[in-house]
Amino acid sequence: MALAGPPAGETWAPMSMAGDSTSGVMVAAVRVRFAPSPTGALHIGGARTALYNWLLARGTGGGGPGELVLRIEDTDRERSTPENVAQILEALEWLGIDYDEGPVMQSGRAERHAEVVAQLVDAGHAYRSTAGPEEVKAYKAAHGGAAGFRGTDEGEGAVRLRIPDEGTTVVSDVIRGESSFVNALLDDLVIARADGTPIYHLAVIVDDLDAGITHVVRGADHYSNTPKQVRILKALGAPEPVYAHVPLLHGPDGKKLSKRHGAASVQELRDAGYLPEAVRNYLALLGWGYDDTTTFFTTEQLLERFSLERVSRNPAVFDEQKLRHINGRYLRELSLDDLTARLETLTGRSGLRGAAAISQEKISTLAEFWPLAGFFFDGPADDPKARAKVLGGSDGRDALARAREALAEIPDPWDEAQVEAALTRVLEAGGYKPREVYQPVRVALAGTTVSPGIFETVALMGRDATLARIDAALAAESGVGAPEG
RNA sequence: GCCCCCAUGGUGUAUCGGUUAGCACGCGAGAUUUUCAAUCUUGUAGGACGGGUUCGACUCCCGUUGGGGGUACCA
């Protein structure tokens with residue numbers, strides 16, 4: 001049975017639906033949309049909203065095969081730039097979120113918006129008024145402060161929608177339940193400026209209606225404005241979509257998430273070396289939970305299990321540490337080919353396979369690879385403190401010299417087992433503790449105290465480079481270490 | 001100011017009247033150990049407060065406090 005038919009008397013007639021309505025076109029169970037305004041890079045809050053919509057459209061939680069429409073709400077010409085639009089498209093692509101229609105530019109639908117505004121005026125649902133902020137304020141003051149503004153038809157100025165004086169407007173939300181707003185407290189809202197351009201609320205309603213959107217899944221920052229949009233819908237005699245307002249994301253300080261909070265945009269996440277599949281997993285979990293124990297979900301599982309009913313009502317705080325943890329798990333499960341390819345894409349270098357192999361279990365993000373293994377390609381890192389600490393004393397240099405001797409004697413093939421055997425002999429012969437030999441070698445090759453495993457590192461570096469770096473380190477340090485005190 | 005929403009450990013969540021309030025991140029300890037990680041074991045920490053309703057409340061109701069959102073001829 002139908003959920004909510006249009007009120008008697010008027011019916012919404014979409015302007016240009018694909019195909020004709022009489023030919024029995026298959027109607028998607030859910031038609032959702034992601035409608036960002038391109039005022040900056042796509043933030044994780046927006047990314048999560050996009051993800052939820054996508055999971056609904058592509059997964060089974062929406063009740064069947066669905067469709068996702070991407071609409072760019074660019075009616076604010078000041079802040080909407082082509083660069084920002086491009087960034088959003090790029091972010092969605094990186095995240096693996098595809099869509100069936102769009103991107104539809106809201107600005108391109110101005111005529112249609114004007115048409116609906118005119119229709120509303122003609123029907124007596126809206127009127128033109130020159131009242132501005134001051135008049136509205138004065139009106140409220142004159143009516144005891146808490147009263148919705150009611151204007152009079154002046155035949156010119158901005159177009160305002162008439163709001164009833166009686167009754168309430170109920171917003172029904174899958175996540176939040178129902179809540180009602182007293183009509184008398186709602187202002188006659190402006191739906192178009194004096195110059196005829198539409199206001200956001202009008203544009204959203206018309207665009208969603210024309211696109212046949214069944215579920216409006218968006219950030220909770222739109223919740224309080226929903227009654228206004230419902231009023232427009234009622235004036236139009238159009239059915240209401242299912243609403244779902246997902247909780248906002250906050251920064252660690254509890255405030256609404258913004259640029260100040262670090263890795264907040266999708267691009268930054270990508271550059272920081274996070275994997276899109278890990279980001280998807282993490283984002284899904286920010287404000288949603290499936291059961292009492294599951295943390296890791298493949299995208300297939302998310303598609304199968306995600307549902308709006310289980311979305312939380314509380315705002316969530318973005319926790320990069322947890323993202324890192326999840327990312328590390330995904331990263332370690334990557335095949336070596338896959339990992340290598342991703343590292344090469346990120347760094348713009350090639351020939352990373354060997355280093356990738358011995359670094360995989362030590363990094364949590366792709367970006368951590370280069371600091372850990374870049375010395376293979378760019379030479380030892382410049383870390384004076386590490387050199388001073390490990391090779392500054394004669395003990396360290398002696399151990400390094402002995403290691404060099406043992407390594408030089410390794411017969412072909414030069415491999416991990418031989419390296420380990422040689423260094424173990426040094427340990428035994430000199431009565432050294434492992435670190436007393438390994439750290440000097442590590443610093444000689446890497447220039448710093450942190451690197452992949454020492455045997456793997458030496459083996460991968462090869463005989464010539466290893467011996468050369470040790471010689472260079474020995475030469476550089478022998479003159480230093482001046483007597484102190 | 002007014003309207004609306006929200007409230008489980010530091011963080012994300014599970015629990016939909018009866019549980020020793022579970023899981024994960026973080027943090028602490030231990031194991032492992034060539035650095036750093038990873039891994040394993042283990043510990044730590046929670047129902048904002050006050051009233052009700054009930055045989056019994058984290059769960060339902062009211063209030064308080066706290067947080068958030070909205071309140072534009074912005075989106």
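Throughout, a chain's letter reflects where its sequence line sits, starting with A, and its residues are numbered from 1. The structure displayed is predicted, hence computed values, not measured ones.
Across A:L400, A:T457, A:T466, A:V419, a single residue satisfies side-chain contact (heavy atoms from CB on, under 4.5 Å) together with A:V441, and that is A:L400.
For the C1' atoms, the distance linking B:rA45 with B:rG12 amounts to 15 Å, nearest Å. Rounded to the nearest Å, the gap between the C1' atom of B:rC16 and that of B:rA21 is 14 Å. Distance check on atom P: B:rA24 versus B:rA38 gives 16 Å, rounded to whole Å. For B:rC23 and B:rC5, the C1' atoms lie 28 Å apart once the distance is rounded to whole Å. Nucleotides B:rU13 and B:rG47 are separated by 14 Å at their C1' atoms, to the nearest Å. Remark: the separation of the C1' atoms in B:rC61 and B:rU71 is 29 Å, to the nearest Å. The P atoms of B:rU59 and B:rG18 are separated by 11 Å, rounded to the nearest whole Å. Between B:rC6 and B:rC58, the distance separating the two C1' atoms is 15 Å to the nearest Å.
Aromatic ring centres of A:W370 and A:F377 lie closer together than 6.0 Å. Less than 6.0 angstrom separates the ring centroid of A:Y52 from the ring centroid of A:F306. Annotation: A:F318 is not in aromatic contact with A:H43 [ring centroid separation under 6.0 Å not met]. Taking the six-membered ring wherever Trp is involved, the centroid distance between the rings of A:Y274 and A:Y330 does not fall below 6.0 Å.
The cationic atom of A:R150 (NZ for Lys, CZ for Arg) does not lie both less than 6.0 Å from the six-membered ring centre of A:Y139 and within 45° of the ring axis.
Under the 4.5 Å side-chain criterion, counting only non-hydrogen atoms from C-beta, A:Y290 is in contact with A:F297. Residues A:Q119 and A:L236 form a side-chain contact, since some pair of their non-hydrogen atoms from C-beta on lies under 4.5 Å apart.
A heavy atom closer than 4.0 Å to some atom of RNA chain B occurs in A:Y438, A:Q439, A:R442, these being the qualifying members of residues 437-446 of chain A. Within residues 376-387 of chain A, no residue places a heavy atom under 4.0 Å from RNA chain B.
Across all strands, A:F296 comes closer than 4.0 Å to no nucleic acid atom at all (heavy-atom distances). Here A:H245 lies out of heavy-atom contact (under 4.0 Å) with every strand.
At B:rC4, none of the side-chain N or O atoms of A:R176 fall inside 4.0 Å of OP1 or OP2 (strictly under the cut-off).
In this structure, A:R160 places its CZ atom 9 Å from P of B:rA72, rounding to the nearest Å. In this structure, NZ of A:K137 is placed 13 Å from C1' of B:rU71, rounded to the nearest angstrom. Remark: P of B:rU11 and CH2 of A:W288 are 22 Å apart, rounded to the nearest angstrom.
Between A:H245 and A:Y223, the ring planes lie perpendicular to each other; the angle is over 60°, past the 30° to 60° tilted range.
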